[in-house]
Undergrad: 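I have a structure I would like to understand better, so I am pasting it below and will then ask my questions one at a time.
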Number of protein chains: 2
Amino acid sequence: MKPKKRTTIYDIAEKLNVTPSSVSRALNNSNYVNETTKKLILKTAEELNYKRNTLASNLRKGQSKTIGVVVPRINQNFFANVIAGIEDATYKQGYNLIICQSNESYEKEVQSINTLINQHVDCIVISVSVDSKNYKHLQNVLDHGIQLIQFDRVVEELETLKVINDNEQASFEAVNQIIEQGYKRIALLEGPQNLAIFRQRKTGYLNALAKNNMPVIDELIIENAWTKELGAKATRKLLGLKQPPDAIFASTSDFSALGVLEVATAMNFKVPSQLGICGYSNEDFTELTSPSITTIDQFSFYMGKTVANLYFQEMENNDTIVVPKIISIKPKVIMRTSTQKLKKD
Amino acid sequence: MKPKKRTTIYDIAEKLNVTPSSVSRALNNSNYVNETTKKLILKTAEELNYKRNTLASNLRKGQSKTIGVVVPRINQNFFANVIAGIEDATYKQGYNLIICQSNESYEKEVQSINTLINQHVDCIVISVSVDSKNYKHLQNVLDHGIQLIQFDRVVEELETLKVINDNEQASFEAVNQIIEQGYKRIALLEGPQNLAIFRQRKTGYLNALAKNNMPVIDELIIENAWTKELGAKATRKLLGLKQPPDAIFASTSDFSALGVLEVATAMNFKVPSQLGICGYSNEDFTELTSPSITTIDQFSFYMGKTVANLYFQEMENNDTIVVPKIISIKPKVIMRTSTQKLKKD
DNA sequence: TTTGAATATGCAATCGATTGTTGAAATTTA
DNA sequence: TAAATTTCAACAATCGATTGCATATTCAAA
């Protein structure tokens, strides 16, 4: 590929015998150019197939109109939807998106952050990896005067803009509904407790038990069961107990819930009559399994849009002091067959 | 957010009483700096929390180490996986990804391309939208000396690097296997024929019929049935025929196949005994439906990696002329329950 | 006709990093 | 000791666009 010479404002200027300044002004639709000259410049630019060099422009203007996004995995439904939502909103404002995935690795997360700082992005949007050990790298973002917005998996101690789900409330409601269906021994598959979202979901579970005067049974709470495989493993253990649970709340993810369902089916536990199952995230597949899986919808696309709009909104009152703001979106329990012990009304 | 002053090479230079040139050379690990000075500069850079301004660097060097990606939808499994694959490979080379989604709209596709040209990306990777009317915008990419790689949905007339699936062959094999299972009247749901991939899949279908001496029955070929809803609609029509098909090949997508399955179930057609169903793409959900859906795996993640590596490879022999190269990946038929009319061996 | 304002354009510095050229100092070789 | 060579660092131009300041031109008002 030969690196072709691209037309610049100098080329246009030379051709028309004006200065680059005027060309620049014309292209930026400034008032300080004669209407006739402006039209002529625009026409010539078109003819020469001129494309502004954003690099140069950004360098001069000290901003990049670019937002960096760091997520654990691009190809996970929830994150893909959030990104789609962000893209949808930012595109309309003429902003670009640079996407990085951390692959749940702390090192890669740090490197991604550094790249984005180097790129002079105007804002960094992040959902931290499980593996996140500390938040020096996030502090660094702030130190560089770059707006930082955390979503979903947030570091609570760090005071930044945040868009989160009300995990505790959602979890509380889900467990409540499970109890209403008549389940008595509800197991919990919990996620890595270093992440706030998983702690909150656990709290919601505990609160629901307490409200219904149900005891907390330690052997029914399984740590770190947040993938399909770990969910399956946990289920094998749970269903092998002397007193197995009659419902399993996979608070970590729908993938985990899928593991539960597969093992339950293999072990000949009838779902939902003998075993209720509830997941988290409303992945597309949850309505396609048989039985379909009860889950919690997080409004991921909307979440993405909210993140983007939060940024634009904060941009506007840039003179005032930044108040760490938290937007909490209330997720919705999607009741499906896997927890329908009672007949439907 | 106050736009903080960031440390530049000038700050470092001033502090150490050397010139910016030396700082630059030290940071780039050039040999033309004294080893002691180099260490000192590196140490000071660290202390001052220096981060290279990639904009300036890129402007000067005339390259951006950035690859632009345009896909119809980010949050569609196939594309998300391809992107993840691209990201995986480019990240290792220190490249960044700018992602745009066309939302299947020609206008947005053109705009996205223009943005990427402005951004001086080194390469543009695209899978065109259904709505793509012409390819002036793609030609424009080439005119600007930017490497262009098309994948999956490619414009055949345009001679660029391409990474595609062998759609015809895959389609041929799938239909063959369906025939081997004993199905006699196989319907085809075809996609918009302006896209080559859909034409190829149709050809594969026709070839398989011909090879098995089976007639082409016009009323069994349904145009433009490429979403879940259109797939469902087509199925209602097909199953209402005097002589309904005993198998439906949704060559367009798994979503379409899902529509088929739902309608078939609703209309009390037994799958696979009365009706065989085959989709395309191996979306995650296809193994979770009941029955699970036979489909074709396109190795999406691998496809992404291939695209990225193709670029890096072409970069190396940049002095030679660019030969339009096509890499064809052979997809794999995933035989599942939905077409298992015969007992398994 | 003169003054003043409004309008248009040019000049030159700037954003931050890179790099070819040049020259001084240090080192090696004769 | 002188000459030749190597090593290191400074200087200055450059990438392309933007913008504050200064100047020139035009036009209307006095």
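The sequence lines fix the lettering, A, B, ..., with proteins before strands; numbering per chain opens at 1.
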Undergrad: Can a donor-acceptor pair be found between the side chains of A:N34 and A:T36 at a distance below 3.5 Å?
TA: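 On atom types as modelled, these side chains qualify, holding a pair under 3.5 Å.
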Undergrad: Indicate yes or no for a side-chain donor-acceptor contact from B:N103 to the backbone of B:S105 under 3.5 Å, with no hydrogens or angles considered.
TA: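 No; zero donor-acceptor contacts below 3.5 Å.
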Undergrad: Any idea which of D:dT19, D:dA9, D:dG16 is nearest the A:S24 side chain?
TA: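 Of the candidates, D:dT19 comes closest.
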Undergrad: Measure the distance from CG on B:L16 to C1' on D:dA9 and round it to the nearest whole Å.
TA: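 Those two atoms, CG and C1', are 14 Å apart.
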Undergrad: Any side-chain N or O of B:S57 under 4.0 Å from OP1/OP2 of C:dA17?
TA: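 Checking B:S57 against C:dA17: no side-chain N or O falls below 4.0 Å of OP1 or OP2.
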Undergrad: Whole angstrom is fine here: how far is it from OH in B:Y10 over to P in C:dT14?
TA: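 So the OH-P distance, B:Y10 to C:dT14, works out to 11 Å.
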Undergrad: Taking atom C1' of C:dA8 as reference, at what distance in whole Å does atom CG of A:N34 sit?
TA: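 Value for this atom pair: 7 Å.
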Undergrad: Is the shortest heavy-atom distance from the side chain of A:L138 to the side chain of A:I126 under 4.5 Å?
TA: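 Heavy-atom side-chain distance check passes, below 4.5 Å.
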Undergrad: Below 4.0 angstrom, which residues in residues 25-32 of chain B have at least one non-hydrogen atom near DNA chain C?
TA: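 Those residues are B:R25, B:N28.
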Undergrad: Tell me: NZ of A:K61 to C1' of C:dC15, nearest whole Å?
TA: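 Nearest whole value for this atom pair: 13 Å.
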Undergrad: Name the nucleic acid region contacted by B:T37, choosing base, sugar-phosphate or nothing; use a 4.0 angstrom heavy-atom cut-off, strictly under.
TA: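 Counting heavy atoms under 4.0 Å across all strands, the contact made by B:T37 is with sugar-phosphate only.
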Undergrad: Nearest nucleotide by nearest heavy atom, which residue falls closer to the 5' end of DNA chain D, B:A56 or B:T19?
TA: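 The residue closer to the strand's 5' end, by nearest nucleotide, is B:T19.
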Undergrad: Answer yes or no: does a side-chain N or O of B:S22 lie under 4.0 Å from OP1 or OP2 of D:dA10?
TA: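 Looking at the OP1 and OP2 atoms of D:dA10, one of them is under 4.0 Å from a side-chain N or O of B:S22.
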Undergrad: Quiz question: going by heavy-atom distance under 3.5 Å, is there a donor-acceptor pair between the base of C:dC15 and the side chain of B:T8?
TA: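 Check fails, no donor-acceptor contact within cut-off.
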Undergrad: Please report the distance, rounded to the nearest Å, between CG in B:L40 and P in D:dC8.
TA: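 It is 15 Å, rounded to the nearest whole Å.
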Undergrad: Are the side chain of B:T54 and the backbone N or O of A:N118 linked by a donor-acceptor pair below 3.5 Å?
TA: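 Answer holds: yes.
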Undergrad: Which is true for B:V23 with a 4.0 Å heavy-atom rule: it touches a base, it touches only sugar-phosphate, or it touches nothing?
TA: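 Nothing, no nucleic acid heavy atom in range.
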Undergrad: Where does the angle between the aromatic ring planes of B:Y311 and B:Y95 fall among parallel (under 30°), tilted (30 to 60°) and perpendicular (over 60°)?
TA: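 Judged by the thresholds at 30° and 60°, the geometry between B:Y311 and B:Y95 is perpendicular.
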Undergrad: Specify the closest pair of heavy atoms between B:A26 and B:V33, including all atoms of both residues, with the distance to one decimal.
TA: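 So the minimum-distance heavy-atom pair works out to N-CG2, 3.8 Å.
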Undergrad: Using every non-hydrogen atom in the two residues, find where B:D122 and B:K65 come nearest and quote the distance to one decimal.
TA: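 Scanning both residues, the minimum pair turns out to be OD2-N, 2.7 Å.
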Undergrad: From CG of B:D11 over to C1' of C:dA17, roughly how many Å is that when rounded to an integer?
TA: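 Going from CG in B:D11 over to C1' in C:dA17 covers 13 Å.
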Undergrad: Rounded to whole Å, please give me the gap between NZ in B:K65 and P in D:dC15.
TA: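 Computing the B:K65:NZ to D:dC15:P distance gives 22 Å.
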Undergrad: A:L55 CG to C:dG16 P: how many Å, rounded?
TA: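 The distance from CG of A:L55 to P of C:dG16 comes to 15 Å, rounded to the nearest Å.
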Undergrad: So what does B:N17 touch, heavy atoms closer than 4.0 Å: a base, only the sugar-phosphate, or nothing?
TA: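 Result for B:N17 = sugar-phosphate.
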